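All values reported here derive from a predicted model rather than from experimental measurement. All chains are named by letter (A, B, ...) in the order of the sequence lines, taking the proteins before the strands, and each is independently numbered beginning at 1.
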Amino acid sequence: MDIAKDNTDFPQDSGTSLPKHIDPTHYEAKWYQRWMDAGCFSTHPEAAPSRFCIVIPPPNITGSLHMGHALNLSLQDAIIRHKKLTGADVLWLPGTDHAGIATQNVVEKQLMDEGTHRADLGRERFEQRVWEWKETAQGRINDQLRKLGAAVDWRMERFTFDEQCCHAVRQAFKTLYDEGLIYKDMRIINWCPRCKTALSDIEVEFEEEGGALYYVSYPVEGTSEAIVVATTRPETMLGDSAVAVNPDDERYKKFHDKMVTLPLVGRSIPVITDDYVDRQFGTGALKITPAHDPYDFEIGKKHNLPAYCMMDEDGVITSDYPAYTGMDRFACRVKVAVDLKSQGLLVKQEVYRHSVGHCYRCGIAIEPYLSLQWFVRMKELAEPAAQAVRDGRTRFLPDRWTKVYLNWMDNIRDWCISRQLWWGHRIPVWTCADCGDISASVTDIQECPNCSSRNISQEDDVLDTWFSSGLWPLSTLGWPNSTPALKTYYPTSILVTGFDIIFFWVARMMMFGLKFGGDVPFRDVLIHGIVRDAEGTKMSKSYGNVIDPLDIIDEYGADSLRFSCLSSAGMGQDVYLSDEKFRSGRNLCNKLWNAARFILMTAPEPPSDLQKALSEAALDLSDRWILSRAKETLDEALALMEQYDLAEALHKIYAFFWHDFCDWYLEIAKNRLKNATEAEHNMITSILHYLLRWILTLFHPFIPFITEEIWQALPVGARHSVPLLAEERYPQFDFAPDDEAIRQMTFIQGLIRNVRDIRASLSIPPKTKIELLVSTDDSHKIQTMKICESYISSLSGVSRIQFGRIKDKDENRYATCIIDGVEIFVPVPSEMKDGETERLEKRRKTLSEELVRIEGKLQNESFVQKAPREVVQKEREKLVALRDDLNKITER
RNA sequence: GGGCGGGUAGUUCAGUGGGAGAACGCUUGCUUCACACGCAAGAGGCCGUGGGUUCAAUCCCCACCUCGCCCACCA
């Protein structure tokens, strides 16, 4: 077995020993600096065999990073470091998002606390103020990134509002505008009366709410009758311009072409007919308010109705309705209902639950509002973006998100991109007051390109912040310039993000990426879950259950935090975080630390030549076993990493390290070292060091700080001037796992566990050595046990093993159990016999139940006939072994 | 109204057409010279309900119940 293919030899100089207790604060910041100094985060495009690139989902500069970010960043960092360890040229590009509306709200709130308002400052000074805020927020976010250990290439840092991104935004806008894919139109859009801006459709969050359905009577002119309409928003009746009924509705046929008098306003409005009206709903009559309802607007256009605007941008009633002027929309709703009632026109009022749209940034109810806005024509952009996913050029992980994405793309609607904000990319369109020319430009223009007049002005509105986010993979790499970075790293490898921004961001990047970059922006999209607290409640500020990642880092260390996040983040699984979880992360770190400490204490200076050390003494069973398990673990973990199943990979590594390496190999090695020859000692310590390095490398992507710290304490680490991350690669082993060693070791482990079980159930004190009698005809197993006699002794407190038959008359004096057909006996003092009988009876019961099951199966003729031969054969073998075991037990 | 995901140990989740697993928690015993942030042993599950396919179903198919999420302009 050649385990030293990577040909690393151990140094002569002695390693630094690790302090008894871990203190992450002593090494985490230090290592981050060292990694940066050593250029660990930089790219090396020239030499590497493969490339890998992630652009960070840029955090909003609205505040600091929360647990969701910690999860998102931990995943990316683990992937990035994994790829570095495979030898790829890796780029992880950092940056932040100017987050138009969200950031503007944050700064506005600060101004409010200071007793002022953005209007007092004026646009320029307000923007200045936001830039100042940006500096502090960005600094804080970047500091958190460093604390978490994010291996980002700081030289490539971008901001969605920096010069390079501005250029990209303008170029993209101009191209779309010139191609007619961006247009300006008067439409009903979603308006937030608090943020005082238009919103796109997906920026509205609908929620079921308790409300009322008001039945209002509209007198039909020239008759004594009335048409009753049902509405949830009675205040909008001030802006009504018609009442619509279904043309086939018999109830209303007599009113076709009649006029009704609009209550409270006195306006005379027509009764119109339209198929859209549902006869079943309410009264079957619908009030039409073109300026305040999207569908009414469509009907209004169809029927040439005027649109009366009864509410302004603050959600306050306009001066056209003196009785209500200046009232807030909800106060107006109440007054309208009261007034109608007093005039006997409110027929009834029902309790009614319906969904109400809210602004996703400030939470207040949005208002459908008629205004002039900019839109992107989406169909032409969406089709290739959908196709790319259908073709598998971009792949969603887990796959179920593909459908969600495609469903949205296939039902796409035009995107309202103008925002009435001050913080953001100002729409790069100039209008000439003289000739009326309207043109988009990448650079600021001073004169009209058509008539050269200097009497031109730029649009006041800014772009939806997601417009610039959508360009992120392109703009960060230098687009529209054909930079080396763009050529080398576009398309990027994977995008790691949450499902909540698939439409906002992933979809837009796909569209822009294909449109402007000529290819998909990323090959894979890894969609992770959200962070919840221990009770399963989504972690959010409004629930007051947020945990600050920095607090956890302070208390447990960044590695513990990362471990907790990563081990809980199964493919697409929501992550439940709690103190319990963080403690388990800390415990793992502690275990790793102590295992390393033990190895360094035992063998501060391992032999310089691993190959030589291994050749001078024979590997024993535990050596062959652990090396085989190590190889298996490496293969499994790396395969899982390649599928981005990080949690599963981490579990495999964890189980190997803790349960195979520490629980068994280290314990056995401890004992072997006591009586080892020099050659054996060299060999064992070589393997210990070798496996420790291996374990550190495998763990490094998940818990980078502690692995680096331990690495540096190793003799081989101390000799290197640069750390693990910079120089190491995953171990390259090309030997096959030794299945026989694994089988034998599994048998021995079972044997030891059974002896321990007997000891525990008979309450034999840990310090009491016992004799063990073993009875079997299997010479191969006897051989194995003889080889492993020392393991069995040391791990189960056995002083002596005797092989052979037990004389019948002595049987009552022994506790017994059967493992793989091998009977073992432990002498029992008579006063302990009760426990033993109980234990044995329980075992007998389990075995006989199993026996009945298998017998039944084999007596079933169709099973024997139709089941695959090997399955039947296996069952038969089991039956024989089971009968044998059962007989032996029954004898006792 | 449409779609998606889940229902397996006390909890959070793996899992496979043929003997139910892990972690944490719990119980018990251990100051065993790396680690009590530890070691060892143990208890605990009609694998949501009903039907179907199959020699065989926790797993595949159908229906239902249930929890959660997303989408949709029903006043």
Side-chain angles (χ1 to χ4, degrees), chain A residues 18 20-22 188 201-202 206 213-214 229-233 236 244 276-278 280-289 293-298 352 354-355 357 368 398 400-401 403-404 407-408 411 413 499-500 502-503 530 532 534 536 556 560 567-568 570-576 578 580-581 583-602 647-648 651 654-655 659 662-663 666-667 670 752-753 756-761 763-767 794-797 850 853-854 857 860-868 870-872 874-875 878 882:
Chain A
L18 297 168
K20 191 160 163 54
H21 297 288
I22 327 183
I188 298 269
D201 292 336
I202 52 175
F206 284 91
L213 190 58
Y214 300 83
V229 301
T231 177
T232 52
R233 298 190 299 151
T236 62
Y276 168 73
V277 181
D278 178 357
Q280 310 301 318
F281 191 92
T283 60
L286 175 63
K287 65 192 245 355
I288 302 297
T289 322
D293 181 277
Y295 213 91
D296 289 5
F297 180 72
E298 293 304 316
Y352 188 70
H354 62 134
S355 71
R400 69 184 128 100
W401 297 107
K403 235 184 200 173
V404 176
N407 184 54
W408 191 74
N411 296 289
R413 297 193 304 164
F499 56 79
D500 50 335
I502 289 179
F503 305 147
I530 57 167
R532 299 175 180 277
Y556 299 107
S560 302
S567 65
S568 318
M571 262 299 182
Q573 205 73 46
D574 285 351
V575 174
Y576 293 67
S578 59
E580 197 179 294
K581 279 270 172 64
R583 265 182 259 126
S584 80
R586 176 202 57 182
N587 293 355
L588 182 267
C589 291
N590 183 256
K591 186 78 176 175
L592 187 57
W593 184 264
N594 278 292
R597 211 159 60 83
F598 169 73
I599 291 169
L600 285 169
M601 280 162 59
T602 311
E648 214 36 48
H651 290 151
Y654 177 96
H659 299 304
C662 291
D663 290 354
L666 273 189
E667 292 305 320
K670 257 186 212 174
I752 290 168
R753 285 203 176 101
R756 285 167 170 173
D757 179 17
I758 291 174
R759 296 186 62 119
S761 60
S763 303
I764 297 170
K767 280 184 177 151
S794 61
L795 297 182
S796 57
E850 177 72 359
R853 201 184 57 81
I854 294 179
K857 226 171 164 176
N860 181 348
E861 273 184 36
S862 39
F863 170 71
V864 180
Q865 278 170 16
K866 294 188 183 175
E870 57 274 19
V871 173
V872 179
K874 217 172 122 194
E875 294 295 311
K878 268 194 277 184
L882 213 51

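Of all nucleotides listed (C24(B), A75(B), C55(B)), C24(B) comes nearest to the side chain of Y654(A). Picking from G38(B), G18(B), C35(B) the nucleotide with the shortest atom distance to the side chain of K20(A) gives C35(B). Taking the side chain of E667(A) as heavy atoms from C-beta on, and the options A34(B), A75(B), G18(B), the nearest nucleotide is A34(B). Of the candidate nucleotides G19(B), A34(B), C37(B), A34(B) has the atom nearest to the side chain of K670(A). The P868(A) side chain lies nearest to C55(B) when the options are C55(B), G19(B), C37(B). Distances from the side chain of T232(A) to the nucleotides A75(B), C35(B), C71(B) place A75(B) closest. Closest to the K591(A) side chain, of the nucleotides A34(B), A75(B), C37(B), is A34(B). Residue D278(A) places its side chain closer to C74(B) than to any other of C74(B), C30(B), G18(B). Of all nucleotides listed (C73(B), C37(B), A23(B)), C73(B) comes nearest to the side chain of Y276(A). For C662(A), whose side chain is taken as the heavy atoms from C-beta onward, the closest listed nucleotide among A34(B), G42(B), A75(B) is A34(B).
The CZ atom of R586(A) sits 16 Å away from the P atom of C35(B) (whole-angstrom rounding). The NZ-P distance, from K874(A) to A56(B), rounds to 19 Å in whole Å. Spacing between atom CG of D574(A) and atom P of G7(B) amounts to 13 Å, rounded to whole angstrom units. Across the protein-nucleic acid pair, R853(A) atom CZ and C55(B) atom C1' stand 14 Å apart, rounded to whole Å. Taking atom CG on D201(A) and atom P on C70(B), their separation rounds to 17 Å, with Å as the unit. A straight line from CZ of F598(A) to C1' of C35(B) spans 11 Å, rounded to a whole angstrom. Going from atom CD of Q280(A) over to atom C1' of C74(B) covers 12 Å, rounded to whole Å.
Classified by interplanar angle (parallel below 30°, tilted 30° to 60°, perpendicular above 60°), the ring pair H659(A)/Y654(A) is perpendicular.
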What donor-acceptor contacts under 3.5 angstrom involve side-chain atoms of residues 590-600 of chain A, with partners at least two apart or in another chain?
| unit_1 | atom_1 | unit_2 | atom_2 | d |
| --- | --- | --- | --- | --- |
| N590(A) | OD1 | N594(A) | ND2 | 3.3 |
| W593(A) | NE1 | P19(A) | O | 3.0 |
| N594(A) | OD1 | R597(A) | NE | 3.2 |
| N594(A) | OD1 | R597(A) | NH2 | 3.1 |
| N594(A) | ND2 | N590(A) | O | 2.9 |

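One finds no side-chain N or O of R233(A) lying less than 4.0 angstrom from the OP1 or OP2 phosphate oxygen of A75(B). OP1 or OP2 of A23(B) has at least one side-chain nitrogen or oxygen of H659(A) nearer than 4.0 Å.
Across all strands, Y352(A) comes closer than 4.0 Å only to sugar-phosphate atoms, never to a base (heavy-atom distances).
Comparing C60(B) with C67(B), their C1' atoms sit 24 Å apart, to the nearest whole Å.
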Intra- and inter-strand pairs of RNA chain B in dot-bracket (Watson-Crick or G-U wobble, both distances under 3.5 Å; | for another strand): (((((((..((((....[..)))).(((((.......))))).....(((((..]....))))))))))))....

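Positionally, the nearest nucleotide of RNA chain B for N587(A) lies more toward the 5' end than for the other of D293(A) and N587(A).
Remark: the backbone N or O of N407(A) is paired with a side-chain donor or acceptor of N411(A) at under 3.5 angstrom.
Every residue was checked against the side-chain hydrogen bond (donor to acceptor under 3.5 Å, both in side chains) condition with R583(A), not counting sequence neighbours, and none meets it.
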